[in-house]
Each structure stands twice: as C-alpha cells, then as structure tokens.
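Below, each value reflects all heavy atoms present in this structure, side chains not excepted, and no hydrogens, waters or symmetry copies. Chain letters run A, B, ... following the sequence lines, proteins first and then strands; every chain starts at 1.
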2 protein chains.
Amino acid sequence: MPTRVTTLKELAASLDLSITTVSRALAGHEQIALKTRERVAQAARQAGYVPNTAARTLVSGRSGFVGLVLPVRGPNLVDSFLGEFVTGLGEGLVSHGADLILATAALGHSELSVLRHVVESGRADGVVVTRIAEVDERLAYLRERGFPFVAHGRLLDSDFAYNWLDTDGAHAFGEAFDMLYDLGHRHFGLVTISEPMTFRHLRQDGLAAAIGRRGDPSVRLDVATAPRFDRGARIQAINRMLQGPDRPTAVIALFDELALTVMEEAARAGLTVPRDLSIIGFDNVVASAYAPPGLTTFDASIRQCAREIADMLLTVIAERPAAPLTRLIRPTLVPRASHGPAPQTRS
Amino acid sequence: MPTRVTTLKELAASLDLSITTVSRALAGHEQIALKTRERVAQAARQAGYVPNTAARTLVSGRSGFVGLVLPVRGPNLVDSFLGEFVTGLGEGLVSHGADLILATAALGHSELSVLRHVVESGRADGVVVTRIAEVDERLAYLRERGFPFVAHGRLLDSDFAYNWLDTDGAHAFGEAFDMLYDLGHRHFGLVTISEPMTFRHLRQDGLAAAIGRRGDPSVRLDVATAPRFDRGARIQAINRMLQGPDRPTAVIALFDELALTVMEEAARAGLTVPRDLSIIGFDNVVASAYAPPGLTTFDASIRQCAREIADMLLTVIAERPAAPLTRLIRPTLVPRASHGPAPQTRS
DNA sequence: GTGACGATTTAAAACGTTTGCAATTTTCCG
DNA sequence: CGGAAAATTGCAAACGTTTTAAATCGTCAC
C-alpha cells in the first residue's frame, strides 16, 4: 500500500505546486492546464489522497450528507421498512456522492429537537421526513427555516406546499374494494388505528370514495379501531368485529401487520380464509407471504420509493426549484390466497 | 420561536464576551466564572445556538460520527436485520451524543473502497463492520491503519486480535443437535451456503463438536450446500436431501431463510412438519413466526447486539484500550412447532 | 500605595479546504 | 525583439470552532 497523504498541503508540496492549484486541479477547473490536471489527479490517486470532509464542509457550506431522523419505534419491529428505506436512500444518494446520516432521538428528546440539531449544526444539506402526522411540527419547522427536505407522505392540509412522495393508498383501497365487490362482497370491515397519521385518512377516504362510486345502498362498512402499538386492544377490536353471525365477509386492514392479526384471529375463531372471510392488507411485508394461506396485499416498493426520494432531495438541494416536487406512486396488488368470492348469504 | 444565532461570534457579541470565553463557558471549563457560565448557557439556550459540526470536527479531530458501510444486498431482503441493526446502533450511540453515518457502496466500487473513503475523509471516529468473510480485507485495512472499529462477527484466524461481538452460533447449533438427539433423531441434515463467511464454519463446527461429544456412531449427517442468493440452486439442493426414503428426520438450517425454504419444500413433498421432519433455523426472522407450523429457531437479538457494539466502539474511540474488547452473545432458543420426536424408524 | 498572586478573560493560531483576486508565465503578433 | 493578451498559477482570506499562551482585573498582605 502506498504511503498515505492526508492533506492538500502535503500533496501540493510533493508536486511542487500551490495548494490552490492542486485544489482546482482536483476539482477539474478549466483554468488549470490539462497537463497539470492529469499530473495532479495521478499523484492524488496513487498517494491515496482523500479530501477532509470537515474542512470542505466548513468553507463550502455543503456537507454532502442527507439526514434522516430515525422514527422512534416500539420494541418489536415486525417489518423491514427501515432496512428497505435506508437501503433505497443509500442507493439513490451514492450515485451523487452523498451519504446518509441517521440521527436517533434519545428517550425524552422529541424527534423535532433532534431534527433541529441536525439542521442547525450544518451536518446535513437536506433531510428526509417519514411517517407524517396530521399536524406535523417537523414540516412546519423545516418550511419556516427554508431547509431542503422531502417528506415520505402527505399532509391533508393541501395549501401547505412542500416536496413529497407518497404511495397512493387511496387508490389501492379503492381497488381492493372494487375487487371484493365484484366477488360479491357487500358487508365490509375496516381495521384501522387511532393515531393521527395522514395515511390513515387517505386510505379510508379512498375506500369511502370507491363505495360511493358504486352507489349501492346494500354495501355496509364496519370499522374497528385500536391504538397502533396496543396489541391487546387490537385483538379485542378485531374480535368484536368478527363476532356473531352478522360479521363482514371481507376485511380490509390499514396495513399488513393488522391484516396478519385478523388472519390469526379468524383462524382462532374457526373461520376459514378465504372461504368464510376475505382479507386484504397493505405493505407486502415479508411475513404476509408466509402466513397461511398467503395474504393478498399491496406492494408499496419502499426501496424504490426511497431511491426516488433521494433523487428528489438531491434535486431540491442543488436547484432549489420554485414549485414543490411531488410524486404519487401507485402500489401494485399482490394477489395471494386470502381473498375470494363472498360466501353464500346466510339469510 | 426566538431568533436563531448561528455562530459563536454572534453569541459572543450579544453577550459582550470574547469567542474564547463563550466557547469555554459552553464546554463547562472550571476556569470560567460560574456566573459567566450560567449567563452564557442561558443565552445559548434561548438563542437556539447549535455549534457547527464541521468547524468543531476540523479543529478537534473528532467528528462525533460512527460509520457503517451498508452491506451490499440482493434485490429482495427477506429479513429485518438492517433495520434492527441500525436501530440498535442508534440507541447505543445517542446516549453518548454520537450519530451514525451510512455509506453505500456504488455498483462497481468495492465495500473496501467506500470504507477507506469514510475513514480517510475524517467523516467518522470509528466504524462498525458486519458480515465478516473468512478472509476480510476490511479488517486487515482497519488494523493496519490503526482505526477504531468493532466487528460484528469473528475471523477464524485467532491470532488476529481485534474488537468484536459475535453471536455464539456454535453453541446454538450444539444445543439444537442435543435437543433433537434427545428427541430420538439420529439422521440429520444441514442446509448451508457456499459463501466463505465465518459464521458458516463456526456453526457447522459447533454442530460437529456436539455430534462428537455424543460418540454415537449411528448418527448421520447429510449436508446440502447452495450459493446464498441462488434460490433455484437452494431448492434443488434441499430437494435432493429430502428425496427418497433414506432422508434425514431432522434438518438444521444455517439461518431462517434457508429453514423457511426447507419448510416449503417439505410441504410440497407431502411431508408433515414436525411429524415427518423436524426443522430448526437461526435468526428468528419475523416470518418464522408466521410460517406454519411456526419455525423453531434461535433469537440473536440483533438490536441488543448492535447497541452493545455501539457501546464498545465508543469505548474504543475514547479510551483506546490496549487489549481488544470481545463479547460472545449466546442466542436463545425460540421453541415453536417445527420440531418434535423422531418418526418411528422405517426399517 | 505597591507588588504579587489568583481569578478571569482574551488575542491569535490552528484545523484543511475553497475561492476572489493578483501575480506570474507563456504565447502570439507586429 | 517588444509588448499585450491569454493562459496558468499563487497569495491570502475565509469558514466556525478549539486551544495555547498571554493579558487583564481585582484582592490582599506588607
């Protein structure tokens, strides 16, 4: 291995050039003679010179980093969301030479305070914000500060313009309804959460809109709601819905984790899926393929979305476009074996 | 929101103090009058002052970052390893005020080159290295450079001393064998991969050692090997092993992903688990709980391990201990329904 | 009132890079 | 060969912080 050269000064000395010239040569400035540029590039390569990030950041104001504040999560994460998301971000960033900073919110510190720290310490040129809440103080802060960001998810408040990418949950839920309706289902169940997340509303509204479009008064919709992380309450709510002869013949869950619980509880209640009950989820987590009989769901291709978010953010950082960048991704149906024709009416 | 003060100079001016004094006051130096320290702290807080990371890094040589080079992964990640790992790292780092840098290797760039870049650009004070290969150039590089790191996994070559944390796969595989042996199994199958990863050897050796300890010549072991990411070859190898009347009655898989494939293929071949075939995995991925009848496996508690790795690394960075830090974590058996007594002999 | 000592505070250098502007060298033309 | 223009290179400041060494202030004993 060649001797390491750590600074521009050393490299310049070894080439008998000024620091300025070497810096410019490496940056590829036209004003430096081509011959010199090549000589410098060659020397830098074989000396293993790597510019110091801190110094570069300090003077240029650009860190080459994109920040992500880790969403605070419960003890058991049952999905690979985070892994796929950071993988996708990484893939999107690397082609532009950027890297990712992951900041964690300590117990007792709000996510916002961590975000503020990341932004104001100059660690990052832009940030990605996930899991948008109905009233999201992070977005308000970022907008006020004029700091580049892209959100994964939308606000309901549409006159707050900003850059976002979202999966079209409303469309997916409409699609799910239409498919089930065409299979003869008329009595539906929706399993949802009580937290004020925007995607909840968007998906529910999509479902409601699809129901409305049919204009069929015989369609019924029961709703079961439970807090996101309270498994006990969730199971209770689901059982209440599944109980009795007048239960839905098809259940749509806000996301797979809920759908999988429905499948478990249905099995426990002696119901056969999909003969007695159709179930459709959203997210396409890995377990949904393994849980019998295989959960029909929608794939949101997190990794691909994350890659696009990275691209969008880099564009925002570089070009500061006047109009916000927005992108709505249509999730694709993954038909497996948890849905089927409505059972014969019991009347 | 109060007006933002961005630099120490501004803060100093507003307090009518020198930059030096303010810097020292914020750092809590004893030599600054207590009254002044309090006054400065108060002003900094309400002005929302956040020190610039780049400037601090440049002069102090410490970035407050820990680096992780994202392992290059196939298109379909079926586990939540990465998510749990970065979550754990984040949790471990945040209590010491450190953050995580995720660097991705671009197509065509080796993981080593990315690592070198992270190290030599001064972005990070230390790095975490995962998925140790039998001959791992990353470890050789880091050692030669004397750069702080902790590896998640061991080398086989024991006279290469360094800091590591590993899950005791050898012990787990011994435990699995003992349990199955006591259930009457004598004919075993091992499903493994062909890549030169150290954990493969450690687990296989643990199994072999446990077999040796029994000293029972009637014990047989078949081995099926396939490349890590070649699903077709894997299925072929597994079917070859499961085929014919003289097949193993118990299969131990190197990790859950393989075990889940064994379960699928067993079902396809008309075998009932665990009546006809016992299966044990390793990792406790989420899907293993959902795949019928429930995979017996070992939980390596990735998140907890990652947290400890973070702690170790911060210790290494701060104290540069002479002797390497090492830590062997014993995975816990998660007994589910994929193992049982050996079937009656077919002879 | 003076000198000295401890308690506080400050000036200035340094970290490694980028960049505006000036200096130097080369090239070209008459 | 002289001079101006063009091409190339270099000087020095700046980014915001930490830190060494030195300056200032107040206090106290004599």
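The CZ-P distance, from R62(A) to dG16(C), rounds to 24 Å in whole Å. If you measure from atom CG of L34(B) to atom P of dT8(C), you get 9 Å, rounded to the nearest angstrom. For the pair K9(B) NZ and dT10(C) C1', the computed distance is 16 Å after rounding to whole Å. Atom CG of N52(A) is separated from atom P of dC15(D) by 18 Å (rounded to the nearest Å). If you measure from atom CG of L8(A) to atom C1' of dT17(C), you get 7 Å, rounded to the nearest angstrom. When rounded to the nearest whole Å, the span between NZ of K35(A) and P of dT25(C) equals 15 Å. Rounded to a whole Å, the CG atom of L11(B) is 13 Å from the P atom of dT10(C). Following rounding to the nearest Å, I32(B) (CD1) and dT19(D) (P) show an atom-to-atom distance of 13 Å.
Interatomic distance, CD of E91(A) versus CG of L70(B), reported as 9.0 Å (0.5 Å rounding). Taken to the nearest 0.5 Å, the CE atom of M197(A) stands 11.0 Å off from the CG atom of L156(A). Atom OG of S23(A) and atom NZ of K9(A) lie 14.5 Å apart (nearest 0.5 Å).
The side chain of T21(A) approaches dT9(D) more closely than any other nucleotide in the set dT17(D), dT9(D), dT18(C). Considering only the side chain of L58(B), dC15(C) comes nearest among dT17(D), dA14(D), dC15(C). Of the listed nucleotides (dT10(C), dT18(D), dT8(C)), dT10(C) has the atom at the smallest distance from the side chain of S18(B). In the set dG16(D), dG10(D), dT17(C), the nucleotide with an atom closest to the side chain of V59(B) is dG16(D). Side-chain atoms of P51(B) lie closest to dT17(D) of the nucleotides dT17(D), dT17(C), dT8(D).
Contact annotation for T36(B): backbone-only contact, meaning every heavy-atom pair under 4.0 Å involves sugar-phosphate atoms and none involves a base. Looking at heavy-atom distances under 4.0 Å, S60(A) makes no contact with the nucleic acid at all. L17(A) comes within 4.0 angstrom of the backbone, heavy atoms only, and of no base.
Because its NZ or CZ atom is not both nearer than 6.0 Å to the ring centre of F199(A) and within 45° of the ring axis, R131(A) does not count as a cation-pi partner of that residue.
Between its opening and closing five pairs, the helix from dG1(C)-dC30(D) to dG30(C)-dC1(D) changes axis direction by 60°, a value rounded to 10 degrees.
Counting only heavy atoms from C-beta outward, the side chains of R116(B) and E111(B) never approach each other to under 4.5 Å. At least one side-chain heavy atom of R123(A) sits less than 4.5 Å from a side-chain heavy atom of D99(B). In this structure, Y49(A) and T6(A) have side chains that are not in contact, with every pair of non-hydrogen atoms separated by 4.5 Å or more.
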For nucleotides 20-24 of chain C, which of its nitrogen or oxygen atoms have a protein nitrogen or oxygen under 3.5 Å away, and what is each distance?
unit_1: dG20(C); atom_1: N7; unit_2: R24(A); atom_2: NH2; d: 3.0
unit_1: dG20(C); atom_1: O6; unit_2: R24(A); atom_2: NH2; d: 3.0

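OP1 or OP2 of dT17(D) lies within a sub-4.0 Å distance of a side-chain N or O belonging to Y49(B).
Residues S18(B) and T21(B) have side chains that bring a donor and an acceptor to within less than 3.5 angstrom of each other. For E10(A) and S14(A), the side-chain atoms include no donor-acceptor pair closer than 3.5 Å.
Under the 6.0 Å cut-off for aromatic ring centres, F160(A) and Y162(A) qualify, their centroids lying closer than that.
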